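Remarks on the structure that follows.
Throughout, protein chains are lettered first and strands after them, A, B, ... in sequence-line order, and every chain is numbered starting at 1. Small disclaimer: the values here were computed from a predicted structure and weren't measured.
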2 protein chains.
Amino acid sequence: MNNDELLKLENQLCFAFYSCSREMTKLYRPILAELGLTYTQYITMLALWEQDHVSVKELGAKLLLDSGTLTPLLKKLEAMGLLTRARDKADERHLIVRLTEEGAALKEKASLVPIRLFEGTTVDPEEIFALRKQVQTLMSKISDAT
Amino acid sequence: MNNDELLKLENQLCFAFYSCSREMTKLYRPILAELGLTYTQYITMLALWEQDHVSVKELGAKLLLDSGTLTPLLKKLEAMGLLTRARDKADERHLIVRLTEEGAALKEKASLVPIRLFEGTTVDPEEIFALRKQVQTLMSKISDAT
DNA sequence: GCTATATAAATTGCATACAATTTAATCAAA
DNA sequence: TTTGATTAAATTGTATGCAATTTATATAGC
């Protein structure tokens, strides 16, 4: 590939991911709005529904986000009544996040989100599964390097 | 797939894209820093190296960004001396972006970026090509819906 | 020509991302 | 055990994204 080809926007894998990620977020937006959540708030809740009672550090490791992003996000979710934030008695450096009853209950409603997401599109479930696997493989190769 | 499986973070295609996109941006960061560019500034320059002398509207269509994001970004690149912004004489509503000599010249240096990106990783060029195609296919299916 | 409509940027406000620094708490080594 | 290093969150500052509104310009009907 020559220089011009190499630098074309449409030949950049990163741009494909970057733009696809944002388009998918747009697909989520109206659906998540019914739950009163933004996309980042949603994946944070997904992580907590999977494992409750975790520190900001652990949550950050799952979501690949640091305290700079998580602290204000968690404060917002706390203000919304979906979770509580409290220091770990055993080690006051850790802040433990716990779902409230309301936060745990929201999972019920949320279970419809993945089903509704690709309604109205021609996206094939098999395609989603295969693609996700490949992206995750790439991710791990990239993470190894950084 | 049951409810629990359906809502697991690792089963979300969106999260795979979202996290992979951000990890790739982290790969770019040190390389682009040598050019004095952020990732968004870089893809904007890619678009301009491909086609100079475009309106904010046209640029936004390529990058899938609106004036809310582009206006401050372009002002920054203008301040850096890489481009100029001027109203179209024929239609003052349009603001035309043009590369400066310096901006055009930066393409030379930038041509090394895609080559250096996956150095130090085990990512296969064939893999990149195939994956990009699939992501772009998905993108178009999603765009059709929105 | 005059006005209603449409269009393009810019602006405003809110929600991320993330590097770098600060603060508070814990651990470790002499 | 005392102090230097380490760790976890929070904070600060900068750069996006994007919805909604505003401003300026152009166009379409009449």
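Within the structure, every side-chain polar atom (N or O) of K75(B) is placed at least 4.0 Å from both OP1 and OP2 of dT16(D). Taking 4.0 angstrom as the limit, S55(B) places a side-chain polar atom (N or O) nearer than this to OP1 or OP2 of dA9(C). Put simply, Y18(A) has a side-chain N or O that comes within less than 4.0 Å of OP1 or OP2 on dG17(D). Within the 4.0 Å cut-off from OP1 or OP2 of dA10(C), at least one side-chain nitrogen or oxygen of R85(B) is found. Contact check, R22(A) against dC18(D): a side-chain N or O comes under 4.0 Å of OP1 or OP2. Distances shown here put every side-chain N or O of K89(B) at or beyond 4.0 Å from the OP1 or OP2 atom of dA26(D).
Between K76(A) and L74(B), the one whose closest nucleotide on DNA chain C sits nearer the 5' end is L74(B). Residue whose closest nucleotide on DNA chain C sits further toward the 5' end, between D91(A) and T40(A): T40(A). Mapping Q41(B) and R29(A) onto DNA chain D via the closest heavy atom, the residue that lands nearer the 5' end is Q41(B).
Distance CG (L70(B)) to C1' (dT11(C)): 14 Å, rounded to an integer number of Å. The CG atom of L37(A) sits 13 Å away from the P atom of dA15(C) (whole-angstrom rounding). Whole-Å rounding puts the F15(A) CZ to dG17(D) P distance at 11 Å. Here dA15(C) presents its P atom at 11 Å from CG of L77(A), a figure rounded to the nearest Å.
Taking every side-chain heavy atom of R87(A) into account, dA10(D) is the closest of dA6(C), dA9(C), dA10(D). Of the candidate nucleotides dT16(D), dA9(D), dT25(D), dT16(D) has the atom nearest to the side chain of T69(B). In the set dA17(C), dA15(D), dA9(C), dA15(D) carries the atom at the smallest distance from any side-chain atom of T38(B). Among the nucleotides dA17(C), dA9(C), dA24(D), the one closest to any side-chain atom of L95(B) is dA9(C). The R93(A) side chain lies nearest to dT6(D) when the options are dT6(D), dA6(C), dC18(C).
With a 6.0 Å radius and a threshold of 12 heavy atoms from other residues, nucleotides or ligands, K57(A) has its NZ atom at or below the threshold. Atom CD of E5(B) has more than 12 heavy atoms from other residues, nucleotides or ligands within 6.0 Å.
The closest side-chain heavy-atom distance from L63(B) to L9(A) is below 4.5 Å. Counting heavy atoms from C-beta on, the side chains of V113(A) and Y42(A) come closer than 4.5 Å.
Contacts of E92(B) classified as salt bridge (charged side-chain N to carboxylate O under 4.0 Å, His left out), with partners at least two apart in sequence or in another chain: none.
Here the closest non-hydrogen pair linking V135(A) and C20(B) is CG1-CB, 3.7 Å.
Taken residue by residue, residues 60-68 of chain A places heavy atoms nearer than 4.0 Å to DNA chain D at S67(A), G68(A).
Taking the six-membered ring for Trp and thresholds of 30 and 60 degrees, Y18(B) and Y39(A) have ring planes more than 60 degrees apart, a perpendicular arrangement.
A salt bridge is absent between R132(B) and E127(B); no separation between the charged side-chain nitrogens and carboxylate oxygens falls under 4.0 Å.
Residue L73(A) is classed as a sugar-phosphate contact, given heavy-atom separations below 4.0 Å to backbone atoms only.
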